[in-house]
**Student:** 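Mind looking over this structure? Questions follow.
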Amino acid sequence: MRVLVLGGTTEAGMLARALRGDDRFDVTLSLAGVTRAPRIDPGVATRVGGFGGAEGLAEWLRVQRIEAVVDATHPFAMRIGRNAVLACVSQGVALLRVARPAWQPVAGDRWTMFPDMTAAAAALGTDPRRVLLTIGVKDLAPFREHPQHDYIVRSVDAPPSDRLPPRCALITARGPFALDDEMTLLSHHRVEVIVTKNSGGEATAAKLEAARMLGLDVLMVDRPHAQGETSPRVADWQHALTWLEQCHQRAVTRRSV
């Protein structure tokens, strides 16, 4: 069975590696190419770059004779998710979404939820604060409208200088991050508030525990909600593997009839 895994997340990498060497599957892992040096497993067939929208993805599925797609992209990667739905419907290809659970506040957390980054930036207020931004390169623009704050921006890649807010310190780093390291970072930079996305997962969750221990405010941007999506969903790569095994078994059964 020829399978496309839309990746860029820990879950996608784990699934692709689990399928590596399994004679039942011929797997391609697709990475959007957002980061300059993506982690590529030499044992996994990988393509880097976009498809050219839903129509381009549909054509790629047709040419490559893909039978199943697993969308394991980031919870905030809405465009590729919509394109995957449209492309798979047009080609009659089975589609599964791996949607890792969102983070949930616990006792001691000082979270405030926001629908988007613009609202979170405005909520920082007029008085200067020391703010850690762990939001990705594409979402920095709203903070340039609030130059009174001191920002610490952590990103996998260094953003172009014209995207950074003023009074900014840049940290380039890739998770997972340990709790002790997050405590040191927050204390060293005298961070007062963290702005982040509700991405879920373990790789970057330690900052939330550190914020709780230090009594820091967290401005949490909620996930966008897909409208009208009916594709099946699972919470982790293990359930995605089970789904693929079931797809394979059904295909074998059809061929034997």
Side-chain angles (χ1 to χ4, degrees), residues 8-14 34-39 74-77 100-114 116-223:
T9 60
T10 301
E11 292 83 0
M14 295 294 289
V34 175
T35 58
R36 298 190 184 108
R39 290 174 174 168
H74 192 275
F76 283 76
R100 69 169 78 129
W103 292 316
Q104 300 295 330
V106 299
D109 280 329
R110 298 174 56 177
W111 292 14
T112 306
M113 303 299 297
F114 295 92
D116 54 47
M117 210 60 68
T118 299
L124 290 171
T126 56
D127 294 336
R129 306 175 78 181
R130 296 187 62 80
V131 184
L132 174 64
L133 301 179
T134 61
I135 59 175
V137 174
K138 296 180 180 180
D139 292 304
L140 292 171
F143 299 92
R144 293 179 57 83
E145 304 301 318
H146 302 274
Q148 70 272 26
H149 305 296
D150 291 299
Y151 295 102
I152 301 94
V153 174
R154 184 167 70 188
S155 175
V156 174
D157 295 319
S161 58
D162 60 354
R163 289 193 182 184
L164 291 170
R167 298 170 59 171
C168 172
L170 176 63
I171 300 171
T172 55
R174 187 196 301 263
F177 301 105
L179 176 59
D180 288 347
D181 294 335
E182 297 293 65
M183 292 285 289
T184 298
L185 181 147
L186 295 174
S187 299
H188 175 75
H189 288 279
R190 306 190 310 281
V191 171
E192 300 172 79
V193 57
I194 298 173
V195 182
T196 193
K197 298 175 177 178
N198 197 335
S199 302
E202 296 296 325
T204 60
K207 63 174 177 280
L208 302 176
E209 185 177 354
R212 185 187 317 125
M213 295 171 67
L214 294 171
L216 303 183
D217 292 328
V218 175
L219 309 189
M220 182 73 71
V221 176
D222 205 358
R223 295 180 178 186

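In this text, all values refer to a predicted model and were calculated from it rather than measured experimentally. The first residue in the sequence is number 1, and the count goes up from there.
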**Student:** Within this structure, what is the CG-CD distance for the pair Leu124 and Glu192, rounded to the nearest 0.5 Å?
**Tutor:**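 Here the rounded value is 10.5 Å.
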**Student:** So, using salt bridge (charged side-chain N to carboxylate O under 4.0 Å, His left out) as the criterion, who are the partners of Arg100 when residues are at least two apart?
**Tutor:**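 Salt bridge (charged side-chain N to carboxylate O under 4.0 Å, His left out) check on Arg100 returns Glu11.
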**Student:** Applying salt bridge (charged side-chain N to carboxylate O under 4.0 Å, His left out), can you list everything that pairs with Arg144, at least two apart in sequence or on another chain?
**Tutor:**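 Partners of Arg144 under the salt bridge (charged side-chain N to carboxylate O under 4.0 Å, His left out) test: none.
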**Student:** Run the side-chain contact (heavy atoms from CB on, under 4.5 Å) test against Ala123 and tell me which residues pass, sequence neighbours left out.
**Tutor:**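 With sequence neighbours excluded, Ala123 shows a side-chain contact (heavy atoms from CB on, under 4.5 Å) to Phe114, Leu219, given in chain and number order.
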**Student:** Restricting to non-hydrogen atoms, name the atom on Asp139 and the atom on Met117 that form the minimum distance, rounded to 0.1 Å.
**Tutor:**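 Taking every non-hydrogen atom into account, O-CG, 3.6 Å.
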**Student:** Under a 4.5 Å cut-off applied to non-hydrogen side-chain atoms, are Leu185 and Ile171 in contact?
**Tutor:**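 Yes, at least one pair of side-chain atoms sits under 4.5 Å.
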**Student:** What residue among Val131, Leu140, Val153 forms side chain to side chain contact (heavy atoms under 4.5 Å, CB included) with Cys168?
**Tutor:**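 One option only clears the test, and that one is Val153.
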**Student:** In residues 202-215, what donor-acceptor pairs under 3.5 Å come from side-chain atoms, sequence neighbours left out?
**Tutor:**
| residue | atom | partner | partner atom | Å |
| --- | --- | --- | --- | --- |
| Lys207 | NZ | Thr204 | O | 3.0 |
| Arg212 | NE | Asp109 | OD1 | 2.9 |

**Student:** Could you tell me which residues satisfy ring pair (Phe, Tyr, Trp, His ring centres under 6.0 Å) with Phe76, sequence neighbours excluded, listed by chain and number?
**Tutor:**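 Result, ring pair (Phe, Tyr, Trp, His ring centres under 6.0 Å) vs Phe76: His74.
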**Student:** Going by the ring-ring contact (aromatic ring centres under 6.0 Å, His included) test, which pairs reach into residues 121-143, not counting sequence neighbours?
**Tutor:**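 Every pair satisfying ring-ring contact (aromatic ring centres under 6.0 Å, His included) with a residue in residues 121-143: Phe143-Tyr151.
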**Student:** If I compare all heavy atoms of Ser199 with all of Pro75, which pair ends up nearest, and what's the gap?
**Tutor:**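 Where Ser199 meets Pro75 most closely, the heavy atoms are O-CG, 3.4 Å.
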**Student:** Using atom types as modelled and distance alone, determine if a side-chain donor or acceptor of His146 lies under 3.5 Å from a backbone N or O of Pro165.
**Tutor:**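 It does not hold such a pair.
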**Student:** Quick one: side-chain hydrogen bond (donor to acceptor under 3.5 Å, both in side chains) partners of Thr134, sequence neighbours excluded?
**Tutor:**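 Only Thr196 meet the side-chain hydrogen bond (donor to acceptor under 3.5 Å, both in side chains) criterion with Thr134.
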**Student:** Taking side-chain contact (heavy atoms from CB on, under 4.5 Å) as the test, write out the residues that go with Val191, two or more places apart.
**Tutor:**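 In terms of side-chain contact (heavy atoms from CB on, under 4.5 Å), with neighbours along the sequence ignored, Val191 is linked to Leu132, Ile152, Leu186, His189, Ile194, Leu216.
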**Student:** If you look only at pairs with a residue in residues 118-133, which of them pass as a side chain to side chain donor-acceptor pair (under 3.5 Å), with sequence neighbours excluded?
**Tutor:**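 Pairs touching residues 118-133 that pass the test: Arg129-Asp217.
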**Student:** Any idea which heavy atoms bring Thr172 and Asp157 closest together, and the distance?
**Tutor:**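 Scanning both residues completely, I find the closest heavy atoms to be CG2-C, 4.0 Å.
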**Student:** Can you name the residues that form a side-chain contact (heavy atoms from CB on, under 4.5 Å) with Ala102, not counting sequence neighbours?
**Tutor:**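 If we apply the side-chain contact (heavy atoms from CB on, under 4.5 Å) test to Ala102, skipping adjacent residues, the hits are Gln104, Asn198, Arg223.
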**Student:** If you take all heavy atoms of Arg163 and Val137, which pair is closest and at what distance?
**Tutor:**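 Shortest heavy-atom separation between Arg163 and Val137 comes out as NH1-CG1, 3.3 Å.
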**Student:** Please report the shortest heavy-atom distance between Ala173 and Phe177, naming the atom on each side.
**Tutor:**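 Between these two residues, the closest heavy atoms are CB-CE2, 3.7 Å.
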**Student:** Taking all non-hydrogen atoms of both residues, which atom of Gly201 and which atom of Trp103 are closest, and how far apart?
**Tutor:**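 Residues Gly201 and Trp103, closest heavy atoms: O-NE1, 2.9 Å.
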**Student:** Is a side-chain N or O of Lys197 found less than 3.5 angstrom from the main chain of Val221, in a donor-acceptor match?
**Tutor:**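 Absent.
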